[in-house]
Amino acid sequence: MEWVLFVSLQWIVLGSPTQPTTQVIQSFPSEELCNKAAEALRNEINTPLGSNQRIQTLGRVVCLERKDK
């Protein structure tokens, strides 16, 4: 089995949202490694961008198991 990490990001700049972007990170050999990567990304997303309070980062990070047919 393989684990895949989906990351969707959107920024709010001066009250206006940008278009969301999605990234797929593949080939995690275990759920534990995928979840560790997801947690590291969540921590980065929740870290403010310097002292600039006019930019907000929103993100969704999900690990999914990929099953071969």
Side-chain angles (χ1 to χ4, degrees):
M1 298 286 173
E2 175 184 46
W3 289 84
V4 178
L5 180 61
F6 287 91
V7 181
S8 179
L9 297 172
Q10 184 175 31
W11 290 269
I12 310 294
V13 180
L14 298 173
S16 298
T18 63
Q19 289 293 322
T21 62
T22 301
Q23 177 77 29
V24 178
I25 305 169
Q26 298 185 7
S27 299
F28 287 93
S30 71
E31 181 180 15
E32 179 183 3
L33 289 174
C34 188
N35 284 330
K36 283 183 179 183
E39 186 62 30
L41 283 171
R42 285 185 197 104
N43 288 336
E44 280 295 316
I45 290 167
N46 290 329
T47 301
L49 297 173
S51 62
N52 191 344
Q53 299 297 318
R54 295 183 224 165
I55 300 173
Q56 180 182 10
T57 305
L58 304 175
R60 182 174 298 268
V61 182
V62 179
C63 285
L64 297 173
E65 185 177 23
R66 182 177 187 170
K67 297 181 181 180
D68 295 327
K69 293 183 178 184

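Throughout, numbering of the chain's residues begins at 1 and tracks the sequence. What you see is a predicted model, and the numbers here were worked out from it, not measured in a lab.
Considering only heavy atoms from C-beta on, Phe6 comes within 4.5 Å of Val4 through its side chain.
In this structure, CG on Leu5 lies 10.5 Å from CD on Gln26, to the nearest 0.5 angstrom. Distance check, rounded to the nearest 0.5 Å: CD1 of Ile55 to CD1 of Ile12 gives 11.0 Å. Considering SG of Cys63 and NZ of Lys36, their distance stands at 12.5 Å, rounded to 0.5 Å.
Under the 4.0 Å criterion applied to side-chain N and carboxylate O atoms, Arg42 and Glu39 are assigned as salt-bridge partners.
Thr18 and Gln10 share no donor-acceptor pair across their side chains, judged by distance under 3.5 Å alone.
Connection of Val13 to Ile45 is established within a shared hydrophobic cluster, with ILVMFWY side chains joined at heavy-atom distances below 4.5 Å, either directly or through further cluster members. Neither Leu58 nor Val7 shares a network with the other; the hydrophobic side chains, linked directly or stepwise wherever heavy atoms of I, L, V, M, F, W or Y lie under 4.5 Å apart, form separate groups for each. In the hydrophobic clustering of ILVMFWY residues, with side-chain heavy atoms under 4.5 Å counting as a link, Leu64 and Val24 come out together.
Taking a 6.0 Å sphere around CD of Glu44, one finds it holds 12 or fewer heavy atoms contributed by other residues, nucleotides or ligands.
When all heavy atoms of Gly15 and Pro17 are compared, the closest pair comes out as O-CD, 3.8 Å. Minimum interatomic distance between Cys34 and Trp3 (heavy atoms only, all atoms of both residues): CB-CB, 3.9 Å.
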